[in-house]
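Comments concern the structure below.
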Amino acid sequence: MPMRTASVTAARRMASALACALPDRLAAVAPVAGLRAGRPDPADESLPDPASCRPAKPVPVLAFHGQQDHTNPYDGGGSAAWRYPVPVALSRWAELNGCRPGATTAPITENVTLTTYRGCHPGAETALYTVVDGGHTWPGSPYESEGNGTTTREIDANTLIWRFFRRHHH
């Protein structure tokens with residue numbers, strides 16, 4: 001029985017929540033369409049609440065997100081758990097991972113860019129693949145996700161995540 005969209009969406013955000021709560025149990029995290037850095041701040045929902053994500057150690061992060069994702073909008077909004085933009089979540093992870101301020105963004109393909117932070121704590125890589133025309137989908141999947149937007153095949157999340165996890169293991 002296929003999972004409902006709401007269940008899949010919650011599972012995608014769960015990787016970020018686990019990284020916040022159990023950093024000693026995870027070698028790295030790679031959220032697809034679900035990067036968060038804690039709950040939205042009640043005083044300003046366009047930012048994460050720093051008190052809601054304070055991992056005891058850095059957590060390497062490799063995220064993927066489509067700019068046309070209407071379930072978890074790239075620019076924020078949507079459900080109560082999804083008020084702040086994806087780049088703000090990445091920036092917060094960069095801060096948590098001790099990275100230097102200011103990200104570098106480079107084109108990977110015609111519709112995909114890679115945003116990376118440098119100078120992070122040793123082994124605390126922090127990066128985001130942004131898919132310009134991508135929806136709430138898994139990059140590289142051979143299947144379309146009906147009602148969730150375009151699935152890019154310009155990158156393969158499975159391959160990129162596997163390489164990332166091989167670099168970051170306990």
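Only a predicted model underlies this, so the values are computations on that prediction, with no experimental measurement involved.
- Between His168 and Glu125, the closest side-chain pair of non-hydrogen atoms falls below 4.5 Å.
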**Request:** Go through the steps for Leu26 and Leu18 under the test side chain to side chain contact (heavy atoms under 4.5 Å, CB included), then give the verdict.
**Result:** CA-CA 8 Å; Leu26 301 174; Leu18 287 171; 3.9 Å; yes

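- Cluster membership for Tyr74 and Val61, using ILVMFWY side-chain heavy atoms within less than 4.5 angstrom, is shared.
- One hydrophobic cluster, built from ILVMFWY side chains closer than 4.5 Å, holds both Ile155 and Phe164.
- Note on Val132: it does not cluster hydrophobically with Tyr129, by side-chain heavy-atom contacts below 4.5 Å among ILVMFWY residues.
- Between the side chain of Glu154 and the backbone N or O of Asn111 there is at least one donor-acceptor pair closer than 3.5 Å.
- Counting heavy atoms from C-beta outward, Val59 and Leu96 have side chains that stay 4.5 Å or more apart.
- The only member of Leu35, Thr137, Leu160 that meets side-chain contact (heavy atoms from CB on, under 4.5 Å) when paired with Phe64 is Leu160.
- At a threshold of 4.5 Å between side-chain heavy atoms, the hydrophobic network of Ile, Leu, Val, Met, Phe, Trp and Tyr places Trp93 and Val88 in two separate groups.
- Proximity of the aromatic rings of His65 and Trp82 is defined here by a centroid distance below 6.0 angstrom, and this criterion is met.
- The side-chain heavy atoms of Leu90 and Thr115, taken from C-beta on, include a pair separated by under 4.5 Å.
- Side-chain N or O atoms of Asn97 include none that pairs as donor or acceptor with a backbone N or O of Cys99 at under 3.5 Å.
- With hydrogens and angles ignored, the 3.5 Å screen pairs a side-chain donor or acceptor of Thr126 with a backbone N or O of Ala124.
- Taking CG of Asp133 as the reference point, atom CD of Glu110 lies at 8.5 Å (rounded to 0.5 Å).
- Under the 6.0 Å distance and 45° angle rule, Arg92 does not count as a cation-pi partner of Tyr84.
- Within the 3.5 Å criterion, the main-chain N or O of Arg36 finds a donor-acceptor partner in the side chain of Ser16.
- Between His169 and Phe165, the distance from one ring center to the other does not fall under 6.0 angstrom.
- Within the 4.5 Å cutoff, the side chain of Trp138 has heavy atoms near those of the Asn158 side chain.
- Using modelled atom types, no side-chain atom of Thr113 and backbone atom of Thr105 make a donor-acceptor pair closer than 3.5 Å.
- The backbone N or O of Pro48 sits nowhere less than 3.5 Å from a side-chain atom of Arg39 that would complete a donor-acceptor pair.
- With a 6.0 Å radius and a threshold of 12 heavy atoms from other residues, nucleotides or ligands, Arg54 has its CZ atom at or below the threshold.
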**Request:** Quick one: do Arg153 and Glu144 satisfy salt bridge (Lys or Arg N to Asp or Glu O under 4.0 Å)? Show the steps, please.
**Result:** CA-CA 10 Å; Arg153 297 198 176 69; Glu144 292 300 322; 3.0 Å; yes

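- A continuous path of hydrophobic side-chain contacts links Val131 to Ile161 [ILVMFWY only; heavy atoms under 4.5 Å].
- Judged by distance alone, with hydrogens and angles left aside, the side-chain atoms of Thr109 form a donor-acceptor pair with the main-chain N or O of Val112 at under 3.5 Å.
- By the 4.5 Å heavy-atom criterion applied to side chains, Val86 and Leu128 are counted as neighbours.
- In terms of heavy-atom proximity, Asp69 sits nearest to Ala33 at OD2-CB, 3.6 Å.
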